[in-house]
Amino acid sequence: MPIYMDLHIVPGVKAKEAAEAHRMDILIEEEHDCKCMTYWIDEARGHVFCLIDAPDKQAVEAMHDKAHGLVPHKIIEVQTSLVESFLGRVHDPVHTAITANGLPLISDPTFRILLLLRIADAPLLIHRMGREKAGELIHGFNQLVRSHLALQGVSEAEHDGNGFIVSFTTAGKALACAMSIQREMGIHDHEITGLQLAMSAGEPVSSDEQFFGDTIRQAERLCFITRNQRLGISAAVSALLGTQELYGDNVNCLLPADEKWLTVLFEVLEQNAFEHSFGQDVFCKKMAMSRSQLYRRVLTLTGFSPNELLREYRLQQAKKALLKQLETISGISFATGFSSPSYFIKCFKTRFGLSPLAFKEAIASLPE
């Protein structure tokens with residue numbers, strides 16, 4: 001059966017109350033063909049997350065409703081391997097406190113700080129450095145990251161993108177790990193390696209159906225706007241660290257208001273960028289700003305003009321599509337909003353130094 005994680009928002013909830021609700025679920029789980037695997041509770045935020053093996057979402061809702069009436073605010077389907085790699089477990093922890101009446105008492109938040117680390121895609125590195133040196137760089141980067149993770153006592157989390165995502169319980173450890181890797185990678189030319197680092201924070205069940213979807217997406221956006229091997233840090237992580245003045249020039253730390261505005265900006269891009277008619281006038285209208293206002297704000301926060309930002313976004317999405325090798329170059333050019341294949345090819349070669357066809361051929365030559 002599928003595995004689901006649900007979110008209950010219960011302001012003021014205590015660990016003992018969550019434990020009792022979990023016990024009540026277990027008492028009737030078989031009636032609903034469910035198996036309650038474990039739960040997490042964050043008293044400070046008033047959030048409880050349950051992990052349940054169930055036939056469907058409706059069964060999860062029905063079981064909770066009958067057991068104690070606390071129907072989940074959101075339910076998503078998850079993979080146990082992802083849950084374990086991000087949160088460290090998929091069953092009750094071995095060592096837990098026990099109440100006077102013998103009830104296991106779990107007190108374990110799911111809030112995590114995620115560190116995203118990656119370098120340029122292999123075809124680009126091969127083009128820039130040659131196959132042998134590119135292979136050495138990729139191997140060295142992987143070894144470097146994993147050695148630092150071992151020192152911190154953490155492991156990489158599974159995800160669909162390239163590079164690494166690492167889940168930390170504390171922002172301080174995540175920052176120390178990121179800055180150590182940043183320093184050691186500093187010996188390489190950032191224009192060649194394309195090193196990107198970003199830290200974001202959040203919970204596993206958010207606005208979409210993806211596990212830690214909002215948090216990973218925020219880290220991806222930070223990587224998009226943070227260049228020259230700098231470390232992008234979200235406003236939430238910065239608040240946890242409380243040491244912004246110590247970061248130095250190697251860090252791009254977002255203020256809450258800027259982060260909120262950038263979220264809206266990227267949502268507009270994600271919803272409209274692939275339309276051929278989406279240009280600066282529509283961009284201004286969607287953002288409710290004049291041309292001059294949009295230009296200044298986008299340039300200040302991203303380093304791109306609005307037109308450059310749109311083109312870069314389309315090119316990055318096109319590169320992802322080329323890596324999947326599911327469409328023709330012509331099909332990708334139209335699907336990502338370019339007016340013609342010839343214009344797409346020109347933009348791609350200017351940006352990455354090789355044509356889409358050469359990039360695609362390089363992918364095909366990579367070892368499995």
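All residue numbers refer to positions in the sequence shown, counting from 1. These numbers come from a predicted model, not from an experiment.
- Side-chain atoms of His73 and Asp6 form no donor-acceptor pair, as typed in the model, at a separation below 3.5 Å.
- Atom OG of Ser167 is separated from atom CD of Glu156 by 12.5 Å, given to the nearest 0.5 angstrom.
- Checked against Tyr39 for a ring-ring contact (aromatic ring centres under 6.0 Å, His included), the options His64, His91, His47, His22 give a single hit: His22.
- Going from atom CZ of Phe338 over to atom CZ of Phe274 covers 9.5 Å, rounded to the nearest 0.5 Å.
- At a threshold of 4.0 Å, the pair Glu136-Arg131 does not count as salt-bridged, since none of the basic side-chain nitrogens sits closer than that to a carboxylate oxygen.
- For the pair Leu222 and Ile233, the minimum side-chain heavy-atom distance is 4.5 Å or more.
- Checked for salt-bridge contact, Glu31 and Lys66 meet the test: a charged N lies under 4.0 Å from a carboxylate O.
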I'd like a table of donor-acceptor pairs (distance under 3.5 Å, sequence neighbours excluded) in which one partner is a side-chain atom from residues 323-335, with atom names and distances.
unit_1	atom_1	unit_2	atom_2	d
Thr328	OG1	Gly331	N	3.0
Ser333	OG	Ser330	O	2.6

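- Between Ser305 and Leu299, the shortest heavy-atom contact is N-CD1, 4.1 Å.
- Here the SG-CZ distance, from Cys223 to Arg118, works out to 4.5 Å after rounding to the nearest 0.5 Å.
- Between the side chains of Gln229 and Gln196, no donor-acceptor pair is found at a separation under 3.5 Å.
- Using modelled atom types and a 3.5 Å distance limit, the side chains of Gln316 and Glu312 yield a donor-acceptor pair.
- With sequence neighbours left out, Arg23 forms a side chain to side chain donor-acceptor pair (under 3.5 Å) with Glu20.
- A donor-acceptor distance shorter than 3.5 angstrom exists from the side chain of Asp214 to the backbone of Ser207, with no hydrogens or angles considered.
- Here the straight-line distance linking atom OG1 of Thr38 with atom CD1 of Ile52 works out to 10.5 Å at 0.5 Å rounding.
- At most 12 non-hydrogen atoms from other residues, nucleotides or ligands lie less than 6.0 angstrom from NZ of Lys173.
- Between Phe86 and Phe211, the ring planes lie perpendicular to each other; the angle is over 60°, past the 30° to 60° tilted range.
- Here Leu197 contributes atom CG and Thr226 contributes atom OG1; the two are 9.5 Å apart, rounded to the nearest 0.5 Å.
- Here Lys349 contributes atom NZ and Leu354 contributes atom CG; the two are 8.5 Å apart, rounded to the nearest 0.5 Å.
- Applying the under-4.5 Å side-chain rule to Ile, Leu, Val, Met, Phe, Trp and Tyr, the cluster around Val94 consists of that residue alone.
- When ring centroids are compared, Phe348 and Phe359 come within the 6.0 Å threshold.
- The aromatic rings of Phe283 and Phe278 are tilted relative to each other, their planes meeting at an angle between 30° and 60°.
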